[in-house]
2 protein chains.
Amino acid sequence: MATRLTIGRAAEAAGCKVQTIRYYEQIGLLHRPPRSEGNQRLFAHEDIRRLAFIRHARALGFPLQAIRDLLSLGDEPDQPCEAVDAIARAQLGDVEQRITYLQALRSELKRMVEQCRGGRIADCRVIEVLSDHTRREMFDHAVPRSGVGSP
Amino acid sequence: MATRLTIGRAAEAAGCKVQTIRYYEQIGLLHRPPRSEGNQRLFAHEDIRRLAFIRHARALGFPLQAIRDLLSLGDEPDQPCEAVDAIARAQLGDVEQRITYLQALRSELKRMVEQCRGGRIADCRVIEVLSDHTRREMFDHAVPRSGVGSP
DNA sequence: CTAACACCTACAGTAGCTGTAGGTTCAAGG
DNA sequence: CCTTGAACCTACAGCTACTGTAGGTGTTAG
């Protein structure tokens with residue numbers, strides 16, 4: 001059966017916007033599908049599978065370049081899957097790094113908001129914490145240049 | 001003392017690139033500093049404080065609009081700090097959401113890479129998991145349009 | 001037949017920088 | 001005094017991964 005979907009239904013099937021599909025086609029992630037007599041794209045089942053693959057990988061945070069690599073690896077089923085594995089592990093490592101980073105942010109933010117006792121802005125710990133990172137020594141050793149500044 | 005820093009030293013002090021400072025000035029986060037006779041920017045201590053504030057807030061993940069709001073709130077020290085607090089709490093909430101989301105990604109990615117036993121790509125669980133999300137029912141109910149497709 | 005909607009291309013905009021081209025200015029060494 | 005090279009200047013393009021808009025054409029239901 002060669003039933004085909006218009007771009008709107010393809011987008012619905014993949015859970016993305018119509019423009020996103022056109023974008024993927026434009027950057028070469030999706031093949032250019034055949035068109036109807038009226039020049040409208042008609043997607044076959046295989047195209048939708050590919051699109052769904054992309055969307056699922058995106059949902060897992062894979063960048064488009066990684067997805068590009070995965071797709072071309074997927075076209076060589078007899079090759080060993082080390083490269084595939086490496087991409088997935090890199091993504092896992094990236095996610096883990098980001099979690100660690102965000103957890104550090106979370107604790108600093110928590111400390112900050114918990115110290116705020118709801119007074120005036122002048123006394124606000126949030127502003128204070130954010131402000132308190134100037135390096136004065138840069139000024140102490142600064143050499144005045146020309147024109148403007150102390151005489 | 002009206003010692004002033006050129007943009008390179010200011011960038012060094014704030015731990016950012018020269019272009020970033022010019023960008024902040026361009027979008028109105030930093031005031032336009034006075035210039036030397038040769039048209040070079042000269043930053044006062046107060047400018048560097050403001051820049052350091054921005055960089056610290058950015059390091060905590062605050063978006064520039066939030067920083068813009070925090071900066072203008074900081075200019076009204078006698079106001080209650082509720083609004084400041086709300087921005088910080090919103091950022092905390094955002095970070096927490098992202099952590100939750102990334103933790104879900106992490107477990108799905110982990111499951112995926114752990115299932116891979118290092119065979120051929122054709123049998124690779126990574127590719128399989130990413131592929132296996134097509135909604136066939138879209139095709140079952142699809143109505144053929146014009147021109148291309150089954151006769 | 002017509003109204004409403006889906007589709008088409010092409011391009012601009014989003015966040016938050018970063019890099020480049022092509023040209024001054026400045027500080028220091030000879 | 002002159003030159004060299006680093007640091008500065010403006011203006012603009014590019015990055016990721018879309019998303020939105022304008023202005024036009026195709027398709028379909030009533």
Side-chain angles (χ1 to χ4, degrees), chain A residues 4-30 32-43 51 53-69 71 91 94 98 138 141-149, chain B residues 4-30 32-43 51 54-69 71 91 94 98 138 142-149:
Chain A
R4 298 186 178 240
L5 300 184
T6 50
I7 198 169
R9 290 171 192 278
E12 198 186 329
C16 70
K17 303 251 172 168
V18 163
Q19 290 102 311
T20 305
I21 298 181
R22 288 200 276 249
Y23 172 68
Y24 289 157
E25 179 187 324
Q26 192 192 316
I27 63 171
L29 267 191
L30 290 177
R32 269 176 289 180
R35 303 287 185 115
S36 73
E37 287 176 23
N39 197 34
Q40 302 196 349
R41 290 168 182 83
L42 295 172
F43 294 92
L51 177 56
F53 180 97
I54 296 168
R55 292 309 294 175
H56 192 204
R58 285 295 299 134
L60 288 173
F62 286 90
L64 290 182
Q65 184 54 55
I67 296 172
R68 204 182 284 276
D69 297 344
L71 283 169
Q91 176 59 15
D94 191 81
R98 275 194 272 171
M138 284 296 293
H141 301 303
V143 178
R145 302 295 190 84
S146 72
V148 184
Chain B
R4 297 182 181 245
L5 300 185
T6 51
I7 198 168
R9 290 172 191 280
E12 198 185 331
C16 70
K17 303 250 168 165
V18 163
Q19 291 103 309
T20 305
I21 299 181
R22 289 200 276 250
Y23 171 69
Y24 290 157
E25 179 187 325
Q26 193 191 316
I27 63 170
L29 267 190
L30 289 176
R32 269 176 290 180
R35 304 286 187 115
S36 72
E37 287 176 24
N39 197 36
Q40 303 196 347
R41 290 168 182 82
L42 295 173
F43 294 92
L51 177 55
I54 296 169
R55 292 309 295 174
H56 192 203
R58 285 295 298 135
L60 288 172
F62 286 89
L64 290 181
Q65 183 54 56
I67 295 172
R68 205 182 283 277
D69 296 343
L71 283 168
Q91 176 60 15
D94 191 79
R98 274 193 272 170
M138 285 296 292
V143 178
R145 300 299 189 82
S146 72
V148 184

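Numbers restart at 1 for each chain; the letters A, B, ... are given by sequence-line order, proteins then strands.
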Visitor: Going from CG on D69(B) to CZ on F62(B), what distance comes out if it is rounded to the nearest 0.5 angstrom?
Guide: 11.0 Å
Visitor: So, OP1 or OP2 of dT10(D): does either fall under 4.0 Å of a side-chain N or O from R35(B)?
Guide: yes
Visitor: Going by the rule side chain to side chain contact (heavy atoms under 4.5 Å, CB included), which residues pair with Y24(B) if we only count those two or more places apart in sequence or in a different chain?
Guide: T20(B), I27(B), L29(B), L30(B), L51(B), I54(B), R55(B), R58(B), L64(B)
Visitor: Calculate the interatomic distance between L30(A) atom CG and dA17(D) atom P; express it in whole Å.
Guide: 15 Å
Visitor: Both T20(A) and N39(A) contact DNA chain D. Taking the nearest nucleotide for each, which residue is further toward the 5' end?
Guide: T20(A)
Visitor: Return the set of residues passing side chain to side chain contact (heavy atoms under 4.5 Å, CB included) with N39(A) (not counting sequence neighbours), or none when no residue passes.
Guide: R35(A)
Visitor: Write down the distance between CZ (R68(A)) and P (dT16(D)), rounded to a whole number of angstrom.
Guide: 10 Å
Visitor: Could you go through the side chain to side chain contact (heavy atoms under 4.5 Å, CB included) check for T6(A) and L42(A) one step at a time?
Guide: CA-CA 5 Å; T6(A) 50; L42(A) 295 172; 4.1 Å; yes
Visitor: Rounded to the Å, how far apart are R55(B) CZ and dC17(C) P?
Guide: 5 Å
Visitor: Using only side-chain N and O atoms of T6(A), determine if any of them is under 4.0 Å from OP1 or OP2 of dA6(C).
Guide: no
Visitor: Within the 4.0 Å heavy-atom criterion, would you say F62(B) contacts the bases, only the backbone, or no part of the nucleic acid?
Guide: nothing
Visitor: Check whether any side-chain N or O of R41(A) sits under 4.0 Å from OP1 or OP2 of dC7(C), and answer yes or no.
Guide: no
Visitor: Under 4.0 Å between a side-chain N/O of K17(B) and OP1 or OP2 of dG19(C), yes or no?
Guide: yes
Visitor: Starting at atom CD1 of I27(A), determine the distance to atom C1' of dC15(D), rounded to an integer number of angstrom.
Guide: 13 Å
Visitor: Starting from C1' on dC17(C), measure out to CG on L51(B) and report it in whole angstrom.
Guide: 14 Å
Visitor: Within the structure, does a side-chain N or O atom of Y24(B) lie under 4.0 Å from either OP1 or OP2 of dG16(C)?
Guide: no
Visitor: Nearest-Å distance, CD1 (I67(B)) to P (dG16(C))?
Guide: 8 Å
Visitor: Let me have a per-nucleotide readout for nucleotides 10-15 of chain C, 5' to 3', with B, S or -, counting only protein heavy atoms under 4.0 Å.
Guide: ------
Visitor: Please round to the nearest 0.5 Å and tell me the distance separating atom CD1 of I7(B) and atom CD of Q19(B).
Guide: 8.5 Å
Visitor: Measure the distance from CD on Q40(A) to P on dG24(D) and round it to the nearest whole Å.
Guide: 18 Å
Visitor: Using the test salt bridge (charged side-chain N to carboxylate O under 4.0 Å, His left out), find all partners of R98(B) that sit at least two apart in sequence or belong to another chain.
Guide: D94(B)
Visitor: May I have the distance from E25(A) (atom CD) to dT9(C) (atom C1'), rounded to whole angstrom?
Guide: 12 Å
Visitor: Would you say P33(B) and R4(B) make side-chain contact, with heavy atoms under 4.5 Å?
Guide: no
Visitor: Is S36(B) near enough to dC26(C) that one of its side-chain N or O atoms lies under 4.0 angstrom from OP1 or OP2?
Guide: yes
